[in-house]
Every structure is written in structure tokens, then in C-alpha cells.
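Values below: all heavy atoms of this structure, side chains included; hydrogens, waters and symmetry mates excluded.
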Amino acid sequence: LQSYLSPCGCFGRLCQERACRVILTDGPEAVMENLEWNVQSNAGKLGTVQLEAARLAWEELLDGTSPPPAEEVDLLLGSDVIWGDRGRLVGQVARRLVRPGG
């Protein structure tokens, strides 16, 4: 986690210029526990970065039964999110979360 948010990391430079909010998301409870642990372990080491963990169930977000963890994000990074026929779902979630022009 720190390598991505470090001054040399993929968006660490953006966070140096302004306050950044980084939200780590997943759905399963066991993964959420790990994300919370990562947030607690790294929170004081990331300067001005506001680090959070939030549950994100894509289907629930899209059908309106679950709120988004954030509105109109500037940057959305995903890893291992497309498998099977989930490509369209990933695109819909991205369009729902990223700000217009983002």
C-alpha cells in the first residue's frame, strides 16, 4: 500500500500537491477486515492522505440498495476486477463512481 501512496508511487505525487482521500473497497467480510487492518497500520505513515476502507458491492451500488463510498472520484484504480462476463458491470460501476470528465 505504501508503495502506491509514496511520493514516487502512481498517485503519490498528486497527494503531495493537495489533500487526498483514498478509499480501499471490497465486498467480502474477510477482505474488509484485512482492508481495515491495512488502513489502521498505514494511516499515520501517509502524510496528508486520508485513508479509509469501505464495503462496495457493485450490484447493490448499481441497483441503488447500497450507497457509493464516494461521489465523483478523480481517479479509480482496480485490480483483478474483470473475470467471466463481468466486464460490462465493471464499466457501469466505473461510470457511476468517476466524476464527469474524470
Side-chain angles (χ1 to χ4, degrees):
L1 178 62
Q2 283 183 314
S3 63
Y4 292 109
L5 297 174
S6 72
C8 299
C10 64
F11 56 95
R13 291 178 192 207
L14 290 173
C15 292
Q16 286 179 335
E17 297 171 7
R18 59 187 174 145
C20 282
R21 180 177 175 208
V22 176
I23 306 170
L24 308 175
T25 65
D26 215 309
E29 186 60 34
V31 178
M32 289 306 303
E33 289 175 15
N34 188 48
L35 290 181
E36 289 288 348
W37 182 88
N38 275 301
V39 166
Q40 292 172 6
S41 296
N42 290 286
K45 303 173 186 174
L46 301 172
T48 62
V49 175
Q50 179 185 343
L51 189 59
E52 304 171 30
R55 183 176 177 276
L56 176 60
W58 298 350
E59 293 86 353
E60 293 173 14
L61 171 72
L62 294 175
D63 70 15
T65 59
S66 181
E71 295 284 347
E72 298 189 350
V73 300
D74 294 317
L75 178 65
L76 180 65
L77 299 176
S79 176
D80 298 325
V81 295
I82 299 178
W83 63 90
D85 61 353
R86 293 177 64 89
R88 171 176 247 141
L89 180 63
V90 171
Q92 291 172 328
V93 169
R95 284 192 302 273
R96 170 64 178 85
L97 294 175
V98 176
R99 70 175 170 77

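Applying the 6.0 Å contact sphere to CG of D85 captures no more than 12 heavy atoms from other residues, nucleotides or ligands.
For E71, the side-chain contact (heavy atoms from CB on, under 4.5 Å) test picks out P68, R96, with sequence neighbours left out.
Using a 4.0 Å cut-off between charged side-chain N and carboxylate O, R86 and E59 make a salt bridge.
The distance from the OG1 atom of T25 to the CD atom of E52 is 11.5 Å, given to the nearest 0.5 Å. Between atom CD1 of residue I23 and atom CG of residue L35 there is a gap of 12.0 Å, rounded to the nearest 0.5 Å. Rounded to the nearest 0.5 angstrom, L97 CG and E72 CD are separated by 10.5 Å. Separation of atoms CZ (R99) and CG (L75) is listed at 10.0 Å; rounding is to 0.5 Å. With values rounded to the nearest 0.5 angstrom, W37 atom CH2 is found 7.5 Å from N42 atom CG.
Considering only heavy atoms from C-beta on, V81 stays 4.5 Å or farther from V93 through its side chain. Under the 4.5 Å side-chain criterion, counting only non-hydrogen atoms from C-beta, L89 is in contact with L62.
Across A53 and E36, no two heavy atoms sit closer than the pair CB-OE2, 3.7 Å. Smallest separation of non-hydrogen atoms from M32 and G27: CG-O, 4.0 Å.
Both I82 and V98 sit in one connected hydrophobic cluster of ILVMFWY residues. Membership requires side-chain heavy atoms under 4.5 Å apart, directly or through other members. The hydrophobic clustering, which links ILVMFWY residues whose side-chain heavy atoms are closer than 4.5 Å, places L51 and V73 apart. Both L76 and L61 belong to a single network of hydrophobic side chains, linked directly or stepwise wherever heavy atoms of I, L, V, M, F, W or Y lie under 4.5 Å apart. When the side chains of ILVMFWY residues are joined at heavy-atom separations under 4.5 Å, either directly or via intervening members, V39 and L56 end up in two distinct hydrophobic clusters.
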